[in-house]
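Okay, structure first, notes after.
For ligands, and for the atoms within them, numbers begin at 1 and follow the listed sequence. Since we're looking at a predicted model, the values are computed, not measured.
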Amino acid sequence: MELDMERQERYFIVVRRSKKGLSRGSILRADAETAAGDLIGMVYGGGGSARSSGSVKKHDTYPLSRHQAQLLLFVSPASRRLELMCNVQLFSAVCDLTQDDLVVVKHKKDFQPCLVKNLIQIGKKDKPGVLQMLGFELNLMEGEQDILSKKTVPLPFFSAADIVQVVPSHSNTRQPLRISIDLGLNRKAVSRINSMPTLKFRNAKKRSIFSNKDVSNSIQAMSHYSLEVGHMAEAISLNGLTVYGVIRWIGVPDGKKNYWAGLELDNEATTCSDGTLGTIRYFTCEGNKALFVPLTNCKPDSRFLFTPNEIQKPLEPPSVTLLEDLDEDVPPVAEQDVMSHLVGRMRGIQGHFNSCYLDATLFSLFTSSIAFSRMFNRSADSEEGISHILRRDIVNRLRRSGFVPAESVMKFRKQLGCKSFATEEKDPEEFITLLLKHVLHIEPLLKIRSHGELSQDAYTHQIIVEKNQVGTVPSVQQLLEMSLVSSDLKFEEIPSCLIVQMPRFGKKFKMFPKIIPSTELDITDVLHCSPRECFLCGHLAEYECCQCLTDHKLQPGKIKQYCSTCNTQVHTHTSRQEHTPHKLTVPDHLPEDASVQRHQMQLFAVLCINTSHYVSFVKYGPDSRSWIFFDSMADRCGDDNNGYNVPVIRSCPEVGDFLSQSEEEISTADLSQCSELVRRLLCDSYMCLYQRTDNTSQHHQ
Ligand SMILES: [Zn+2]
Ligand SMILES: [Zn+2]
């Protein structure tokens with residue numbers, strides 16, 4: 001009886017602000033529909049109580065199941081309900097959760113993996129007209145529990161919108177969720193009942209609720225509302241082909257009655273324009289790339305839809321982007337947004353045709369680093385120039401939408417001046433020099449003194465050492481010091497960005513099987529004319545001795561610099577009388593007991609290579625565990641001719657944990673017990689990228 005009644009209830013969510021004052025996100029139970037297309041019924045307020053009766057145009061709403069309505073009702077503010085619904089895959093997965101499914105929730109600004117325990121019904125017990133809100137009772141994953149158990153604060157009930165990721169379960173024994181009742185949000189009063197009529201209904205259609213044709217059609221209809229300028233979409237062109245592109249304009253074109261979308265397609269098509277429809281220009285793009293179609297022909301880019309057996313990363317709708325904003329510079333992705341914005345399949349820069357050297361380099365340089373934030377010289381930047389393409393189509397796009405299609409990268413490659421950059425695998429250092437010098441017109445990052453004379457400019461530093469000069473598992477700190485000191489090189493000043501090339505040559509030979517990528521690089525002792533401490537007594541150093549470098553009695557490998565007293569004493573030893581220490585250039589007017597300011601640079605990316613394939617690790621924030629791994633060709637859909645690469649960004653906090661250990665622990669770690677990514681970072685590093693921190697630049701004169 002009750003079941004029948006519920007089946008007749010129809011629920012809707014308001015997706016467009018109505019004239020009669022119902023705000024977007026309001027939930028309505030329709031009791032009647034007029035011939036003019038008005039829905040009349042009960043509008044639900046917070047707490048699930050029926051607030052008032054109201055009416056709304058049906059075409060301003062989107063239909064919901066009762067279960068969906070209950071889940072959404074617990075989401076506040078109401079605008080977040082629509083955000084969740086835009087994310088079609090995530091929302092359908094949340095509606096279909098079963099016991100012990102693994103989810104990730106945002107909790108106290110942190111992302112927390114949890115297991116689903118129960119549905120919680122919140123609000124007064126059934127009263128006519130009342131729609132109970134549904135929330136989730138979640139358990140922290142084991143292990144996480146241990147860390148937090150001291151606090152003994154129970155987790156709150158989570159709304160559907162708190163869940164940012166659903167990891168599909170592979171077990172065949174999925175238990176449907178039971179619903180517990182919470183009276184007035186008081187956890188003590190929770191009692192459990194075995195099942196609800198809605199659940200019976202849901203179970204009967206378990207796993208197929210969203211393949212129901214009506215529902216999937218309306219989900220598709222829903223997506224029209226959620227598409228916005230800046231979104232990636234697929235569309236059925238007027239000749240019936242599926243095409244992909246970015247929505248550059250939405251509106252009612254001259255002479256039409258309904259909403260159309262103007263897309264900038266990934267590929268050229270002969271029937272397309274450069275942004276005009278008829279005689280009117282709606283936006284500007286390259287010729288033969290602008291397609292105008294009714295908005296109802298568009299839907300979110302299905303290449304991003306998850307397929308089973310993959311860790312799911314539903315497409316997060318990018319924040320609202322106005323057309324004029326497309327030209328604004330976008331800052332690096334903030335640390336707290338990386339998990340939702342970047343991590344997942346079809347994220348990062350899409351690889352194509354030997355492009356991994358370029359994808360990995362661009363990703364390393366621009367995803368999180370602030371080192372190049374002011375490098376785009378806007379005035380020298382013509383509309384179709386290469387730096388404009390780099391800034392607008394690659395860097396801004398990566399930071400804004402988290403994905404750069406292969407076509408944008410190819411457009412950029414073709415303009416690099418030499419044909420081979422568009423077709424062949426190149427060395428990243430060659431590309432970086434070309435990029436910084438000829439595309440961005442940046443002064444060389446490194447000014448180098450050789451034997452005290454200012455001699456070389458460079459964009460990267462190639463480590464050159466003898467194998468016996470350092471230990472078997474050297475750190476980048478040791479390698480850099482040894483490389484500079486043994487050739488008597490110094491940096492003239494603190495670089496804004498220091499790109500260090502590991503001692504490996506070609507694709508096959510590497511000098512060290514493992515290298516520790518120092519997370520902080522102290523460059524105090526390799527700066528010219530910067531105060532340094534005596535190696536022995538800590539006073540201001542005035543001499544440096546190369547021959548002392550490998551002395552086994554003196555901590556071999558460490559740079560040896562001395563005050564004049566210690567310099568005399570050390571070199572009175574018979575084994576060192578042949579040494580020729582040379583005098584350091586020291587800044588004038590420094591008191592002898594002045595404390596020495598250390599200059600640290602921070603690791604922000606590591607480029608790795610294995611069997612000719614480049615990948616990248618990026619440190620995306622100050623937290624030691626904020627590491628992601630990027631592979632532009634992690635997977636492939638389709639065959640060689642018709643397929644495309646699937647770029648993937650993975651979160652790898654274990655890399656941060658590993659690097660937090662002492663160098664001793666790292667060098668002796670059993671890599672067979674470590675994660676695959678830790679092993680790759682330690683064994684495959686090709687380039688380590690460091691940036692100056694605010695702290696250092698502040699103190700630099
Ligand atoms: Zn001394
Ligand atoms: Zn010496």
Heteroatom test (N, O or S) for His579 near the Zn ion (ligand 2), limit 2.8 Å: yes
For this output row, return yes or no: ring centroids of Tyr543 and Tyr562 closer than 6.0 angstrom. no
Phe604 ring center within less than 6.0 Å of Tyr690 ring center: no
Row for the Zn ion (ligand 1): angle SG (Cys534) to SG (Cys563), 10° precision, value 120°
Whether Lys426 engages the ring of Tyr357 as a cation-pi pair (distance to the six-membered ring centre under 6.0 angstrom, angle to the ring normal within 45°) should be assessed. no
Taking the Zn ion (ligand 1) as the apex, Cys566 SG and Cys537 SG span an angle, rounded to 10°, of 110°
Of all heavy-atom pairs between Pro503 and Gln462, which one has the smallest distance, and what is that distance? CA-NE2, 3.9 Å
Apex the Zn ion (ligand 2) - arms NE2 from His571 and SG from Cys545 - angle rounded to 10°: 110°
So with a 6.0 Å cut-off around NZ of Lys583, is the heavy-atom count from everything else above 12? yes
Any N/O/S atom, side chain or main chain, of His539 closer to the Zn ion (ligand 1) than 2.8 Å? no
